[in-house]
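Below: one structure, written as structure tokens.
Here the structure is a predicted model, which means the values were calculated and not measured.
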Number of protein chains: 2
Amino acid sequence: MANIHDVARVAGVSISTVSYALSGKRTVSEDARRRIVDAVQELGYLPNAAGRMLAGARTRILALSAPLRVDTYAPAHMAFVLAVATAARRYDYDILLLTEDEATNGLRRVTSSRLVDGVILLDVSMDDERLALVRDLAVPSVVVGVPGEASGLTCVDLDFAAAARLSIDQLVAAGHRSIALLGHPQAAYERGSNFPHRFRNAFVEYASERGLQSTFAMPGSSDADVRRAVDEVLDPKAGVSAVVMHCEESIQSRALTYIADSGRSIPGDLSIISACSSFDTSSFHPALDVIPLVAADSCDRAVALVMDALDGAPEPHVELVAPRYISRGSIAEPTHPAISALN
Amino acid sequence: MANIHDVARVAGVSISTVSYALSGKRTVSEDARRRIVDAVQELGYLPNAAGRMLAGARTRILALSAPLRVDTYAPAHMAFVLAVATAARRYDYDILLLTEDEATNGLRRVTSSRLVDGVILLDVSMDDERLALVRDLAVPSVVVGVPGEASGLTCVDLDFAAAARLSIDQLVAAGHRSIALLGHPQAAYERGSNFPHRFRNAFVEYASERGLQSTFAMPGSSDADVRRAVDEVLDPKAGVSAVVMHCEESIQSRALTYIADSGRSIPGDLSIISACSSFDTSSFHPALDVIPLVAADSCDRAVALVMDALDGAPEPHVELVAPRYISRGSIAEPTHPAISALN
DNA sequence: AGAGTTTGTCGAAGCGTTTCGCTAAACGTT
DNA sequence: AACGTTTAGCGAAACGCTTCGACAAACTCT
């Protein structure tokens, strides 16, 4: 394997000139530069990673802490891992994947041994064991998601509260006065991440602020559970004319099937919005209006923030990504104005 | 951050003694060893990764090439990534995750720059662009899965053909004479990996070898498609009394629901085996007999083979993991001996 | 007691880069 | 012509570790 000395010899210059020619950190005559580039080409030279790490201060590697919990929803998780890797490559960075149960140890190891320049944390729960460590880590770190206590951390996430308000605004604009939220299973609210809370709380609050009737249900994940939750939410007495679904794909899919089976048409009889969904809602029948949860949005920012922190140390802060609304025709004016809406 | 010089100073020895004490490659007096260990503890010393890489020949990093295709089944994919990472950690190795579209470039980059000691390839298709590169790579590489042409490669995979035969043996032992295979969607056979072929071909061949009647269907993934395929396979004229399912979770789940809805009991009216499934079939209703596809089995071996190759260069070869059968009561004797079975 | 062996330790070279400081040549100014 | 300035290039140090060879000191033999 060719090294920088070989390149220097072939090009007839010193190794420092090679280094400067390749990094561009000092000017090199056009003539020398060409000979160096040719030599690199000819020898198939690629700088030795360890040498660079040791001499330069950078390793060009980012640690990605992505522990797998029992209740991890694989497709979404994978989308985020992929998005981080893709974003990192744009800065010529590679990703070291940490999945160990004891994520803390892995983080300590790779940061203390200076294997990585920075750290990105995925899938943080409300009180994550990794956070204490990350708060006083020597290297920059960014959390994708917002934990219960975010002080001293840099976090990036979709603005779930704004997404809740956006979904309500859309329904209000269409004339709905009584709406429902079909949320995650109860377990998701009790432990795990806090985005279910952020969405639900903003939903309930903003609905009342805008003078709407709102109901909320947490379905289990079995088919029967989902049906029960849909029935609960669509109880005729409440006169609900629109449902916002903030839950996993399988639940949304089951709910849609049940709603179709029970003879209600969308958006004729019922308007539906799929909120903060990381999966493709355009292949549902019918396709659903959606406020997408785009992994790349958060992950691009997270990687960018680590890069910023590598030169200059910005203050820890929370950065929320604005939600956007994609219309696919699953909401319409309510046809049967509900009784409650007349109050 | 403390380095080896600091440790040497605190312990009152030279840096080479520290190195030998920590690596154990030369004997060090018990007295010195204790002082060194204490110093390491006190300073929180962890060897600098770049220094080790440069001096030693090892980087202690493995590249994991896990490109995401459109049709990748996320849960299984994630299980394999996790299994490789976990296996690598047992050898004190970390995983560099390569997901780029052009996986070849990533592999070339990390191997030529000596960032990684070895490579593991996941999810190889029949004619994978990565294989050509991997065949003459400077570092050891192991493929999880078996591509169309495996010469010059080291591959590890579940023995799908043996799994097909094992499922047939189980059914024959229970008295079945006419069986069906519910396979993957047609697209999976036309492109992508070749394990669907290996399973199907062995199934058909071995069924005829044992004198059985066998049918085969490739359902689409929609609910209607699955029902159609189940109907096709359970056509009364064929008298099928047992079904082996070698397909994704969603298809198996849909098939089970449909079979239950159409009033057939398992295993009373129909015996079922779930073959080479990476998901949990014990939470199905009813729980299914399964020949599990255990990610850890293949990945442990794959990592072990890379480690072996790092000292001494073993011949490229294909290593198949023997399938095992887990009984959960979803097969029984056929109650209504089929007409075709009397032929 | 002297020769040979083992044990514990150390200094120094080397891994492949980056980067600092220096120099010499070429250039522009007065 | 004498002076600064820029440009292009080089040598050497530094990064933090591993490992080779050397060498005393402590043992083991006869």
Side-chain angles (χ1 to χ4, degrees), chain A residues 1-37 39-40 43-61 92 110-117 138 310-311, chain B residues 1-37 39-40 43-61 92 110-117 138 310-311:
Chain A
M1 204 115 308
N3 63 20
I4 199 171
H5 289 98
D6 300 326
V7 175
R9 185 161 22 77
V10 170
V13 294
S14 73
I15 63 162
S16 52
T17 304
V18 173
S19 180
Y20 285 125
L22 296 181
S23 72
K25 294 194 177 174
R26 278 195 191 176
T27 55
V28 167
S29 70
E30 180 52 26
D31 183 48
R33 204 193 58 74
R34 261 246 320 295
R35 276 172 8 241
I36 290 169
V37 170
V40 165
L43 298 170
Y45 168 73
L46 225 57
N48 176 288
R52 295 187 89 175
M53 288 186 200
L54 195 52
R58 301 279 168 94
T59 68
R60 310 200 150 277
I61 302 178
D92 203 22
V110 299
T111 54
S112 301
S113 69
R114 305 242 87 119
L115 218 199
V116 302
D117 291 341
L310 282 176
D311 21 43
Chain B
M1 203 115 307
N3 63 19
I4 198 172
H5 289 97
D6 299 327
V7 175
R9 187 161 20 78
V10 171
V13 296
S14 73
I15 63 162
S16 50
T17 303
V18 173
S19 180
Y20 284 124
L22 296 181
S23 72
K25 294 196 179 175
R26 279 197 189 174
T27 53
V28 168
S29 70
E30 181 51 28
D31 183 49
R33 207 194 55 76
R34 262 246 319 295
R35 281 183 349 253
I36 290 169
V37 170
V40 165
L43 298 170
Y45 168 73
L46 224 57
N48 177 289
R52 295 187 87 176
M53 289 187 199
L54 197 51
R58 302 278 168 95
T59 69
R60 309 202 151 277
I61 303 179
D92 203 21
V110 298
T111 53
S112 301
S113 68
R114 304 243 89 116
L115 218 199
V116 302
D117 290 341
L310 282 176
D311 22 43

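- A straight line from NZ of B:Lys25 to P of C:dT9 spans 19 Å, rounded to a whole angstrom.
- If you find the closest nucleotide of DNA chain D to A:Gly56 and to B:Ala57, the one lying nearer the 5' end belongs to A:Gly56.
- No hydrogens or angles considered: nothing links the side chains of A:Ser16 and A:Ser19 as a donor-acceptor pair under 3.5 Å.
- Residue B:Ala32 places its side chain closer to C:dT9 than to any other of C:dG16, C:dT9, D:dT18.
- With C:dC10, C:dT17, D:dA8 as the choices, the nucleotide that has an atom nearest any side-chain atom of A:His5 turns out to be C:dT17.
- Residue whose closest nucleotide on DNA chain C sits further toward the 5' end, between B:Gly51 and B:Ser29: B:Ser29.
- Across the protein-nucleic acid pair, A:Arg60 atom CZ and D:dC15 atom P stand 20 Å apart, rounded to whole Å.
- The phosphate of D:dG16 (OP1 or OP2) has a side-chain N or O of B:Asn3 nearer than 4.0 angstrom.
- The CG-P distance, from A:Leu22 to D:dG9, rounds to 14 Å in whole Å.
- Comparing D:dC17, C:dT17, C:dC10 against the side chain of A:Pro47 picks out C:dT17 as the nearest.
- Per the geometry, CZ belonging to B:Arg35 stands 13 Å off P belonging to C:dG8, to the nearest Å.
- Picking from C:dG16, C:dA12, C:dT19 the nucleotide with the shortest atom distance to the side chain of B:Ser16 gives C:dA12.
- The CG atom of A:Leu22 sits 10.5 Å away from atom OG1 of A:Thr17, with the distance rounded to the nearest 0.5 Å.
- Here the CG atom belonging to B:Leu54 is positioned 10.0 Å from the CE atom belonging to A:Met53, to the nearest 0.5 angstrom.
- Judged by distance alone, with hydrogens and angles left aside, A:Arg26 brings a side-chain donor or acceptor within reach of the base of C:dG21, the pair sitting under 3.5 Å.
- Straight-line distance from the CD1 atom of B:Ile15 to the P atom of C:dG14: 15 Å, rounded to whole Å.
- Between C:dT7 and B:Thr27, no contact under 4.0 Å exists linking OP1 or OP2 to a side-chain N or O.
- The separation between B:Asp31 atom CG and C:dT7 atom P is 18 Å, rounded to whole Å.
- Between B:Tyr45 and B:Ile4, the shortest heavy-atom contact is CE1-N, 3.5 Å.
- Of the candidates D:dT19, D:dT18, C:dT17, the closest approach to any side-chain atom of A:Arg52 belongs to C:dT17.
- Remark: B:Leu115 CG to A:Arg60 CZ distance equals 11.0 Å, nearest 0.5 Å.
- Comparing atom distances between the A:Ala55 side chain and each of C:dC20, C:dT18, C:dG11 picks out C:dT18 as nearest.
- Two residues, B:Leu54 and B:Glu30, neighbour DNA chain C, and the one matched to the more 5' nucleotide by heavy-atom proximity is B:Glu30.
- Within 3.5 Å, a donor on the side chain of B:Tyr20 pairs with an acceptor on the base of D:dC20, or the reverse.
- A:Arg114 has its CZ atom 12 Å from the C1' atom of D:dG16, to the nearest Å.
- Among the atoms of the strands shown, base atoms are found under 4.0 Å from some heavy atom of A:Ser14.
- When the nucleotides C:dT18, D:dC10, D:dT18 are ranked by their closest atom to the side chain of A:Ile4, C:dT18 comes out on top.
- Note: CE (A:Met53) to C1' (C:dT19) measures 19 Å, nearest angstrom.
- To the nearest 0.5 Å, atoms CG (A:Asn3) and CG (A:Asn48) are separated by 8.5 Å.
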